[in-house]
2 protein chains.
Amino acid sequence: MARVDRLVNHRRKLRRGEHLYRAGNPLAVLYAIRSGFMKTCALHDDGREQVAGFHMMGDLLGLDAISSGRHMCDAVALEDSEVCEIPFAYLEQLSRELPSLQHQLHRIMSREIVRDYGVMLLLGTMKAEERLAAFLLNLSQRFAARGYSATEFNLRMTREEIGSYLGLKLETISRAFSRFQQDNLIEVRHKHVRIRDPERLRLLIGQQCP
Amino acid sequence: MARVDRLVNHRRKLRRGEHLYRAGNPLAVLYAIRSGFMKTCALHDDGREQVAGFHMMGDLLGLDAISSGRHMCDAVALEDSEVCEIPFAYLEQLSRELPSLQHQLHRIMSREIVRDYGVMLLLGTMKAEERLAAFLLNLSQRFAARGYSATEFNLRMTREEIGSYLGLKLETISRAFSRFQQDNLIEVRHKHVRIRDPERLRLLIGQQCP
DNA sequence: CGTTGCATTGAGGAAAATCAAGTTGAGTGG
DNA sequence: CCACTCAACTTGATTTTCCTCAATGCAACG
C-alpha cells in the first residue's frame, strides 16, 4: 500500500491555458486529474488539429504516449487544474506484482478505446444537433458520476472547442444551442447550461435521418 | 518460451461473412489475425453502426472488451480468415512474469488509441476526397509493411463499408474513386486498385479547405 | 470606456446526402 | 454455354445540411 501511495505522490498544478504535455514530448509519467478540466488535441502534420477529448477529475491522461514513447497529442488545461504524476515505468513494475492494479490499468486503456469508438460513431453517423445532444448528455452523466449536478453546469470550453470535438464549426454549435433553447430542451447563457428535458434530448439522438 | 507458445496455441478459421464476436459477448480471448481480413463495427443503441476499423495479418482484436468484460463491437471476416485465440487471463498472468510481454501489450493498446485519434481527425476535419486519399494511403502502407505491393491491391470491403468507415455514403466514395481515376491518381476497377501517384495523393490530404 | 475575445445571427454558397435510374459482373441453374 | 438474378457499383439530378462570410452583441478587463 505504501508503494501504491508512492505511485501517486507527485502533484503538479496547471494554470488555465497551460500545456500539460505536447505532441512529441517523451513519455515519463501518466497523469491522473485530481481537479480541474482539460482537453486533449490530436494533431495532423498539416497543422490541422482536433479536440480528441475533454477530461475531468479521475481521468487518466497520457496513454497515447505508450506506443511510441512520445506523446501523440497535446493536453491543455481549460481551467486551473491539478494532476498527479504517475511514473509509467514504476506503474508497470508495480502492476507486475499486483494483479488487481494490472487489471485496472488494462481496463482503463480499454475504456479509452471504447470511448474513442463512441466518438467515431458520433462523427461518422450523427447530424449536428444529434452530436451536440450526445455531447451534453455525456457531460451531464460524467458530472453526475462525480457528485455534481447532472442538469446544471458550466462549460469550461469555448464553442469553437466543442465544435472541434464534434467535427462542426462554432457557428453551427451556437445555432444548435439556440435551437435547443427555443425548443425548451435546455437553458443556455454563455457558458452556463441547464438541461430542462434530458429525455427529449435523448430521443433527439435516436432520430435516424429517415 | 514454451509458455508463450501455449499462449497462441489455439487457432480458429472463419469463412467470409462470419462473425468472430459480437457486441455483448463475454471476453474470453483476444484474437491475433494470422491471415485474412476483418472489420470491426461500433454499434449505437438505435441500430446505427459504423465500421471502426479494418484489420489484417498481425493485428490484435478484442481489446474493446477488457474494460467491461464484454465486447463493445462486432468483428466480421471480410474474407476467409484465420485467427489465433489468446486467453486473456493467461496473457495477464504471463505478462506479470515477462516485463517485455507486458510492455508489448501496453504498446499495442496504446497504438490502438493513437489509431483512433487519427480516425477522429479524419472524420472531424477532412473533406470526402481527403478522407479517401488518407484511407488508400493507409491501406497501401499497411500492405507494404506486410510485404505486399504498396501500389496494387484488392479491396476486401465494399464501397458501403469504406463509406461507413469514412463517415460518407457509398455514392460519395464511388464518385471520389471516379474523380481520382480521371485525375490519374489511381486506377480502380471494382475491387482492384492501383495507386499511380502516391505523392499527389499525399498532397491532396494536406489541402486545408479555405 | 474602449479594447478584446467569445458568441449570436443572418444570408448565400459549397459539399455531401438523397433519390433515382442504369450498368456490371459474379454466381446459379437450366 | 447461356439466360437469369442479385448485389455492388456508377452516374445524374435534386435537396439538405453545414460552412463561410459578415455584421453585431455582449461581458470581462485593463
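Just so we're on the same page: letters track the sequence lines, and every chain starts at 1. The shown structure was predicted, so the numbers you read here are calculated from the model rather than taken from an experiment. All heavy atoms count here, side chains included; hydrogens, waters and symmetry mates do not.
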Rounded to the nearest Å, what distance is computed from the CG atom of residue B:Leu166 to the C1' atom of nucleotide C:dA17?
-> 15 Å

How many angstroms lie between atom CG of A:Leu122 and atom CZ of A:Arg131, to the nearest 0.5 angstrom?
-> 6.0 Å

Answer yes or no: is there a side-chain heavy-atom contact under 4.5 Å between A:Asp74 and A:Glu49?
-> no

Taking CZ from A:Arg16 and C1' from D:dA28, how many angstroms apart are they, rounded to a whole number?
-> 11 Å

Do B:Tyr165 and B:Lys39 touch side chain to side chain, with heavy atoms closer than 4.5 Å?
-> no

Can the ring centroids of A:Tyr148 and A:Phe153 be said to lie less than 6.0 angstrom from one another?
-> no

NZ of B:Lys191 versus C1' of D:dT10: gap in Å, rounded?
-> 14 Å

Take atom CG of A:Leu155 and atom P of C:dA7, then tell me their distance rounded to the nearest Å.
-> 9 Å

Answer yes when A:Asp183 and A:Arg200 have at least one side-chain N-carboxylate O distance shorter than 4.0 Å, and no when they do not.
-> no

Calculate the interatomic distance between B:Ile173 atom CD1 and C:dA17 atom C1'; express it in whole Å.
-> 13 Å

Less than 4.5 Å apart, any side-chain heavy atom of B:Tyr90 and any of B:Val29?
-> no

Rounded to whole Å, the CG-P distance (A:Leu132 to C:dT8) equals 11 Å

What one-letter contact string describes nucleotides 9-16 of chain C from 5' to 3', where B marks a base within less than 4.0 Å of any protein heavy atom, S marks contact via sugar-phosphate atoms alone, and - marks no contact?
-> BBB----S

From CZ of A:Arg159 across to C1' of D:dC19 the rounded distance in Å is 18 Å

Separation of atom CG in A:Asn154 from atom P in C:dC6, rounded to whole Å | 17 Å

